[in-house]
Amino acid sequence: MKRVLYYLITLIGIIWVQVLANHWLGGSWVSLNVVFLAVLYFGLARGSLVGQLMGCGWGLLTDASSLGVMGLHTLIYAASGYTGGLLRRQLDATKVWTQALFSVGGTVAYLTLYLGLYHFFSPSGSVSWHIAVQPVANAVFAPAEFWLLERWAEAWGIFPLEH
């Protein structure tokens with residue numbers, strides 16, 4: 001029961017952190033994707049299944065609260081969590097450089113998939129140049145978010161499985 005409560009509170013908490021980040025940073029050139037970084041963390045630290053399920057949950061919540069194509073975030077976040085879990089044994093998620101570089105590569109892949117699929121299903125609309133800064137902003141913020149999520153899991157007494 002403790003694990004279920006941990007994952008539910010984390011799921012809702014990260015969405016609220018994303019909402020607050022969008023509110024406070026929305027008018028600036030900084031664009032953080034806190035949810036995506038959390039998906040990468042859960043994939044790398046907890047494995048493919050947890051990364052995929054948490055990504056699916058966050059994707060559903062994000063899609064339900066947006067006016068975009070329904071299911072787009074769910075698909076991309078679930079695939080990202082799964083991919084992070086697949087690379088779990090090859091990458092050391094505790095190293096700052098690994099976190100930063102994996103978040104840059106993941107964010108570039110996320111933006112490419114998102115923009116490609118979004119324009120395929122909904123050809124109208126424009127893209128702001130601010131989105132180009134997101135990989136760098138995510139790389140700078142990723143180590144801090146990975147550290148916070150690890151401390152959050154330790155506070156609940158939930159430790160990652162061995163590699």
Side-chain angles (χ1 to χ4, degrees), residues 1 3-85 99 102-153 155-156 158:
M1 183 63 185
R3 282 190 180 275
V4 172
L5 194 57
Y6 162 76
Y7 286 117
L8 281 175
I9 290 173
T10 304
L11 197 72
I12 294 167
I14 292 292
I15 282 291
W16 277 106
V17 170
Q18 182 68 57
V19 167
L20 292 174
N22 289 345
H23 175 72
W24 293 107
L25 299 173
S28 70
W29 58 271
V30 177
S31 174
L32 285 176
N33 195 337
V34 178
V35 173
F36 183 72
L37 293 177
V39 169
L40 293 180
Y41 166 78
F42 278 99
L44 284 174
R46 308 281 181 225
S48 295
L49 181 63
V50 174
Q52 186 176 6
L53 290 175
M54 293 297 281
C56 184
W58 278 314
L60 287 171
L61 291 173
T62 303
D63 286 333
S65 64
S66 69
L67 297 174
V69 177
M70 187 65 179
L72 189 57
H73 285 97
T74 305
L75 174 69
I76 294 173
Y77 286 163
S80 300
Y82 180 74
T83 304
Q99 297 164 358
F102 190 63
S103 68
V104 166
T107 304
V108 169
Y110 162 79
L111 290 174
T112 303
L113 281 170
Y114 178 79
L115 293 174
L117 290 172
Y118 184 78
H119 286 294
F120 178 74
F121 289 114
S122 177
S124 63
S126 63
V127 177
S128 172
W129 67 270
H130 295 120
I131 206 164
V133 181
Q134 192 176 61
V136 175
N138 280 353
V140 170
F141 187 69
E145 185 170 347
F146 276 52
W147 184 83
L148 287 170
L149 286 170
E150 192 62 38
R151 300 297 81 73
W152 174 249
W156 280 82
I158 296 176

Practice item. List the atom of L32, the atom of Q134, and the distance in Å for their closest heavy-atom pair. Key: C-NE2, 4.0 Å

**Study point:** Ring centroid separation Y41 to W152 under 6.0 Å
**Key:** no

Review point. Distance from L148 atom CG to R151 atom CZ, nearest 0.5 Å?
Key: 8.5 Å

Review point. Hey, are the side chains of L117 and V69 touching, using non-hydrogen atoms and a 4.5 Å cut-off?
Key: no

Practice item. Measure across V34 and E145 and return the closest heavy-atom pair with its distance rounded to 0.1 Å. Key: O-OE2, 2.8 Å

Point to revise | Euclidean distance, I14 CD1 relative to L61 CG, rounded to 0.5 Å | key: 12.0 Å

Exercise for review: Check D63 against H73 and note the closest heavy-atom contact, atom names and distance.
Suggested key: OD1-ND1, 3.0 Å

Review point. Passes side chain to side chain contact (heavy atoms under 4.5 Å, CB included), I15 versus V35? Steps please.
Key: CA-CA 7 Å; I15 282 291; V35 173; 4.1 Å; yes

Extract all donor-acceptor atom pairs below 3.5 Å that involve side chains of residues 76-83 and protein atoms in other chains or at least two apart in sequence.
{"from": "Y77", "atom 1": "OH", "to": "N33", "atom 2": "OD1", "distance (Å)": "3.3"}
{"from": "S80", "atom 1": "OG", "to": "I76", "atom 2": "O", "distance (Å)": "2.8"}
{"from": "T83", "atom 1": "OG1", "to": "A79", "atom 2": "O", "distance (Å)": "2.8"}

Exercise for review: Locate the shortest heavy-atom distance separating V30 from A137; write the atom from each residue and the value.
Suggested key: CG1-CB, 4.3 Å

Point to revise | Side-chain touch Y114/F36, heavy atoms, less than 4.5 angstrom | key: no

Check your understanding: What side-chain hydrogen bond (donor to acceptor under 3.5 Å, both in side chains) pairs are there with at least one residue in residues 11-20, not counting sequence neighbours?
Key -> Q18-N22

Review point. About how many Å separate CZ of F120 and CG of L113, when rounded to the nearest 0.5 Å?
Key: 13.5 Å

**Study point:** Gap separating the OH atom of Y7 from the CZ atom of R3, nearest 0.5 angstrom
**Key:** 5.5 Å

Review point. Does any N or O in the side chain of S31 come within less than 3.5 Å of the main-chain N or O of I131, such that one atom is a donor and the other an acceptor?
Key: no

Point to revise | Side chain proximity check, L11 to M54, heavy atoms < 4.5 angstrom | key: yes

Practice item. Could you tell me whether the side chain of Q99 reaches within less than 4.5 Å of the side chain of F141, counting heavy atoms only? Key: no

Study note, to complete from the structure: Output for pair (F102 CZ, L44 CG), nearest 0.5 Å, gives 4.5 Å

Review point. Under the side chain to side chain contact (heavy atoms under 4.5 Å, CB included) criterion, do I9 and W156 qualify, and how do the steps go?
Key: CA-CA 11 Å; I9 290 173; W156 280 82; 3.7 Å; yes

Practice item. Write down the atom of A142, the atom of S103, and the distance for their closest heavy-atom approach. Key: CB-OG, 3.6 Å

Practice item. Could you pull out the closest heavy-atom pair between V104 and P135, with the gap in Å? Key: CG2-O, 3.6 Å

